[in-house]
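Working notes, structure below.
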Amino acid sequence: MAAPLFRRIMITITVVSVALLQLIDTTIVNVAIPVIQGNLGATLSEATWIVAGYAVANAIVVPMTGWLSATLGRRNYYLGSIALFTLASALCGQASTIWELIFFRIIQGVGGGALLATSQTILVEAYPPEQLGLANALFGIGAVVGPTIGPLLGGWLTDNYSWPWIFYVNIPVGIVAILLTLLFIEDEQSPTRSRRVDWPGILLLTIGVGALQTLLERGQDEDWFESSLIVTLTVVAVLGLLLFVWWELHTDTPVVNLRVLRHRNTAIGTLFIFILGFGLYASVFIYPVFVQNLLGFSAYQTGLSLLPGGLTTMAVLPLTGLALRRGVSPKLLTLIGFVSFFVFAWELSNETLQSGPEDFFWPLIIRGFAMGFLFVPLTTVALSGLQGAEVAQATGLTNMLRQLGGSFGLAAISTFIERDLAFHRHELSMHLTPFSASTRQFLQTVQHGLVQQGMDLTTAQQSAYGLLNQTLIRQALVMTYNDAFFYAGLFFLLCIPLLLLLPRLRPSVSESHLILE
């Protein structure tokens with residue numbers, strides 16, 4: 001049942017803040033990894049588990065949120081998760097070794113798993129059915145903008161204070177969220193104690209999703225199927241997930257109610273949300289690496305350049321929610337989003353080593369515009385027509401699929417970059433031969449300049465060849481990132497025919513809810 005206006009406003013502030021907190025934390029750590037690695041004496045392989053451990057725990061808990069909410073009471077579970085997330089944040093900041101930090105990040109991921117899906121469920125139920133698009137638009141502010149401003153905040157805190165502050169910043173927000181939850185969030189249903197806990201489902205979910213997320217996080221570092229670890233994880237993930245699906249469809253008390261996918265709109269919406277996660281996280285990954293490694297942007301400058309696009313998304317989200325409410329087809333809105341994302345990717349596929357911040361401003365604005373047109377219609381389609389416990393079950397599934405889509409996107413784009421870089425480096429090196437006039441002239445010019453500065457001839461020759469190799473690598477990287485942006489955009493373009501699957505939503509004349517056509 002919809003909440004009164006004032007309480008609805010306070011619920012919106014509460015849950016969007018909590019969702020934003022969780023989503024910012026998924027990216028805020030990334031920019032501080034080199035600093036944490038140096039301070040705690042960790043290898044790069046160990047440091048990556050700071051991100052991977054959180055993601056794995058998150059991916060396991062998210063689909064169980066509907067069941068946990070029903071079992072413990074949604075308000076109790078929500079409060080406990082915020083408290084656990086806040087406490088784990090404090091412990092992360094106090095960690096003195098890399099494995100302490102990884103352990104507390106896993107605990108933080110367990111607490112954070114409930115924050116996104118449960119926040120969305122609470123918000124959707126607080127609004128009348130005919131305002132489902134508006135509710136999803138407001139929630140999208142956190143879901144889309146969070147990963148964008150995370151690097152900005154993380155870079156600023158790391159540069160101006162120290163890395164523990166990327167965790168300490170969660171504490172006051174968490175405390176305020178707990179107080180707001182106590183005041184304004186109510187349980188729609190009492191806790192229901194099932195006669196039997198679905199322990200086999202929980203075990204299979206943990207094994208299947210945990211193995212899948214781990215192989216996606218570690219695959220590139222382990223050279224994929226050249227590694228026995230990745231092969232083992234693949235077998236475990238496939239068997240675990242197949243057994244999980246079979247079990248959940250045959251047990252009377254499933255921990256994840258996959259039967260909610262019998263609703264055509266939920267199944268189709270979830271598929272598109274997976275695609276959205278792929279594009280969203282892959283593009284956010286490519287851009288910072290490109291501008292920091294090749295153009296010399298700092299972490300803070302990178303985050304600052306992403307901010308206008310995030311603000312554009314915030315402005316567009318309510319407009320798309322209003323458009324849905326007035327009967328505009330989700331197909332049209334999603335088409336605009338897909339095409340806009342391709343334009344963004346196409347523009348960035350033409351950047352060079354001479355590009356500056358002004359060259360990225362409008363493409364990133366277009367990306368923010370695209371995200372605003374994608375999130376609301378797809379989430380609205382996935383949740384429209386659902387009631388009661390099915391809303392919580394569907395939000396858990398959609399959030400898990402968006403996160404897994406992001407993991408697949410990161411794994412695919414990381415692998416592509418490494419393979420494409422090797423290709424371009426080889427192609428360019430074919431032109432750098434002793435018979436090339438331009439190569440000889442470059443080496444002679446550099447050698448002459450270094451000798452003029454007092455360097456001996458042998459050292460000058462070695463330095464000239466080193467500079468030539470660096471130049472080759474930089475040019476190969478530019479070509480690689482250009483390709484990566486182009487193919488990320490092409491992926492969305494190729495998904496356009498799938499829009500025919502999307503239903504049309506229209507307001508009912510006699511009832512205040514959305515009907516699928």
Side-chain angles (χ1 to χ4, degrees), residues 140 143-144 147-148 267-290 306 309-310 312-313 316-317 319-320 323-324 328-352 355 359-382 398 401-417 419-421 423-424 478-504:
V144 177
T148 301
I268 294 171
T270 301
L271 169 65
F272 276 94
I273 285 171
F274 179 89
I275 294 171
L276 174 63
F278 187 103
L280 174 63
Y281 289 98
S283 63
V284 168
F285 170 76
I286 303 172
Y287 174 74
V289 175
F290 174 61
L306 287 166
T312 301
T313 303
V316 170
L317 283 169
L319 299 178
T320 53
L324 280 175
V328 177
S329 171
K331 290 187 182 73
L332 176 60
L333 296 176
T334 308
L335 175 63
I336 294 172
F338 277 10
V339 173
S340 299
F341 191 93
F342 174 76
V343 173
F344 147 75
W346 170 262
E347 289 291 329
L348 263 62
S349 71
N350 293 294
E351 299 295 346
T352 69
S355 297
D359 296 301
F360 297 99
F361 179 81
W362 286 111
L364 291 172
I365 290 289
I366 294 171
R367 178 187 174 274
F369 182 83
M371 290 298 105
F373 270 82
L374 289 173
F375 185 86
V376 177
L378 297 181
T379 307
T380 301
V381 166
T398 55
L401 264 294
R402 182 174 60 246
Q403 184 166 316
L404 286 178
S407 297
F408 273 98
L410 290 176
I413 214 72
S414 297
T415 302
F416 173 83
I417 286 173
R419 306 290 166 86
D420 201 50
L421 175 61
F423 169 77
H424 284 302
V478 170
M479 297 169 71
T480 298
Y481 287 123
N482 286 347
D483 288 347
F485 281 119
F486 173 76
Y487 285 114
L490 183 62
F491 170 77
F492 273 83
L493 211 58
L494 294 175
C495 288
I496 286 178
L498 294 176
L499 296 179
L500 295 173
L501 298 173
L502 285 176
R504 185 178 185 276

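Position 1 is the first residue of the sequence, and the numbers go up from there.
Between Leu498 and Ile275 there is a side-chain heavy-atom pair separated by less than 4.5 Å. Residues Phe338 and Thr334 form a side-chain contact, since some pair of their non-hydrogen atoms from C-beta on lies under 4.5 Å apart. A 4.5 Å side-chain heavy-atom check between Val328 and Leu333 finds at least one atom pair inside the cut-off. Side-chain contact between Leu378 and Thr398 is absent, with no heavy-atom pair separated by less than 4.5 Å. With a 4.5 Å cut-off on side-chain heavy atoms, His424 and Asp483 count as touching. Taking the side chain as every heavy atom from C-beta outward, Phe341 and Met371 approach each other to under 4.5 Å. Side chains of Leu324 and Thr320 form no contact here, defined as non-hydrogen atoms less than 4.5 Å apart. Looking only at side-chain heavy atoms (C-beta outward), Val381 and Phe272 stay at 4.5 Å or farther from each other.
Here the closest heavy-atom approach between residue Ile413 and residue Ala484 is recorded as CD1-O, 4.1 Å. In terms of heavy-atom proximity, Ile366 sits nearest to Ser340 at CG2-O, 3.2 Å. Looking at every heavy atom in both residues, Ala382 comes nearest to Ile273 through CB-CD1, 4.1 Å.
Rounding to the nearest 0.5 Å gives a distance of 11.0 Å between CG of Leu276 and SG of Cys495. The OG1 atom of Thr312 sits 10.5 Å away from the CG atom of Leu317 when rounded to the nearest 0.5 Å. Rounded to the nearest 0.5 angstrom, Leu348 CG and Tyr481 OH are separated by 13.0 Å. A distance of 11.0 Å separates CZ of Phe375 from OG1 of Thr313, quoted to the nearest 0.5 Å. A distance of 12.0 Å separates CZ in Phe485 from OG1 in Thr480, rounded to the nearest 0.5 Å. Rounding to the nearest 0.5 Å gives a distance of 10.5 Å between CG of Leu500 and CD1 of Ile268.
Put simply, the residue from Leu364, Val343, Val316 that forms a side chain to side chain contact (heavy atoms under 4.5 Å, CB included) with Phe369 is Val316.
Considering only residues two or more places apart in sequence or on other chains, Phe342 meets the ring-ring contact (aromatic ring centres under 6.0 Å, His included) condition with none of them. Legend: residues meeting ring-ring contact (aromatic ring centres under 6.0 Å, His included) with Phe278, ordered by chain and number and at least two apart, are Phe491.
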Would you please test Glu351 and Phe290 for side chain to side chain contact (heavy atoms under 4.5 Å, CB included) and show each step?
-> CA-CA 10 Å; Glu351 299 295 346; Phe290 174 61; 4.0 Å; yes
Please step through side chain to side chain contact (heavy atoms under 4.5 Å, CB included) for the pair Tyr487 and Leu490, ending with a clear verdict.
-> CA-CA 5 Å; Tyr487 285 114; Leu490 183 62; 3.9 Å; yes
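In Phe416, the CZ atom is crowded: over 12 heavy atoms of neighbouring residues, nucleotides or ligands sit closer than 6.0 Å.
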